[in-house]
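Notes follow once the structure below has been shown.
These numbers were taken from a predicted model, which means no experiment stands behind them.
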Amino acid sequence: MDASFSATRQQRGDRGEALAAAYLELAGFIILDRNLRLGRQEVDILARDGACLVCVEVRLRRGDRCGRAAESLTPRKRRSMRQGLSLVLKAKNWRGEFRLDLLALDWQIDGSGLELEHYRGI
């Protein structure tokens, strides 16, 4: 069994966010902040994609018993993400282009692999 599966939920989440940040950097993004808290809102990753400010939500699922990672993005979470983005824009006094992205990480329960999907402008 992969050590990733025996870790606590928080440890798996931290590893997932670290993988997501590494992927974004390889894709040319500049990571500005991770786990940014603004009041009750949290932005998993705040990054720049060229001139665009991007708030990235990272969703991780282990196996598909409860659905895939992308499917776990509920309407409530989408609203929360939009609120977080609004707070970031105000806090940073941002006047340029911006968007919300989703990075969905699906770990195979048998430890055989990881699938990453990047959804831009959700």
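Panel note: side chain D101, backbone V56; no donor-acceptor pair is recorded below 3.5 Å.
Taking the side chain to side chain contact (heavy atoms under 4.5 Å, CB included) definition, one finds that S72 meets it with R59, R61, sequence neighbours left out. With sequence neighbours excluded, the residues that form a side chain to side chain contact (heavy atoms under 4.5 Å, CB included) with L32 are I30, L46, R48, L53. By the side-chain hydrogen bond (donor to acceptor under 3.5 Å, both in side chains) test, R76 pairs with no residue at all, sequence neighbours left out. Every residue two or more places apart in sequence or in another chain that forms a side-chain hydrogen bond (donor to acceptor under 3.5 Å, both in side chains) with Q41 is listed here: S80, Q83. The salt bridge (charged side-chain N to carboxylate O under 4.0 Å, His left out) test applied to R82 returns no partner, not counting sequence neighbours. Judged as a side-chain hydrogen bond (donor to acceptor under 3.5 Å, both in side chains), and not counting sequence neighbours, the contacts of N35 are E17. Applying the side chain to side chain contact (heavy atoms under 4.5 Å, CB included) criterion to D14, with sequence neighbours excluded, gives Q10. Taking the side-chain hydrogen bond (donor to acceptor under 3.5 Å, both in side chains) definition, one finds that E25 meets it with nothing, sequence neighbours left out.
Hydrophobic cluster of L26: no remaining members, since no ILVMFWY side chain lies below 4.5 Å from it.
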Tell me, with the steps shown, if L85 and L87 meet side-chain contact (heavy atoms from CB on, under 4.5 Å).
CA-CA 5 Å; L85 174 60; L87 291 171; over 6 Å; no
Working for side-chain contact (heavy atoms from CB on, under 4.5 Å), residues I31 and R34:
CA-CA 8 Å; I31 305 300; R34 288 178 51 188; 4.0 Å; yes
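Put simply, V88 and I122 are part of the same group of oily side chains (I, L, V, M, F, W, Y) that touch within less than 4.5 Å, one to the next. There is a path of hydrophobic side-chain contacts, each under 4.5 Å, that joins Y119 to V43. By the rule that hydrophobic residues join a cluster once side-chain heavy atoms approach within less than 4.5 Å of another member, L114 and L103 end up as members of one cluster.
At least one side-chain heavy atom of L24 sits under 4.5 Å from a side-chain heavy atom of I45. Looking only at side-chain heavy atoms (C-beta outward), R120 and D49 come within less than 4.5 Å of each other.
Residue pairs meeting the ring pair (Phe, Tyr, Trp, His ring centres under 6.0 Å) criterion with at least one partner in residues 79-101, sequence neighbours excluded, are absent. Pairs passing the salt bridge (Lys or Arg N to Asp or Glu O under 4.0 Å) check and including a residue from residues 35-45, sequence neighbours excluded, read R37-E42. Among pairs with a residue in residues 14-43, those fulfilling ring pair (Phe, Tyr, Trp, His ring centres under 6.0 Å) read Y23-H118, F29-H118, at least two apart in sequence or across chains.
R99 approaches G121 most closely through the heavy-atom pair CD-N, 3.8 Å. Contact record, A104 with A70: CB-N, 3.7 Å, taken as the closest heavy-atom pair. Looking at every heavy atom in both residues, G84 comes nearest to L38 through O-CD1, 4.1 Å.
More than 12 heavy atoms of other residues, nucleotides or ligands sit less than 6.0 Å from atom NZ of K77.
Of the inter-residue distances, the one linking M81 atom CE with L102 atom CG reads 6.5 Å to the nearest 0.5 angstrom. A distance of 8.0 Å separates CG of L60 from CG of D106, quoted to the nearest 0.5 Å.
By the 4.0 Å N-to-carboxylate-O rule, R68 lies close enough to E117 to be salt-bridged with it.
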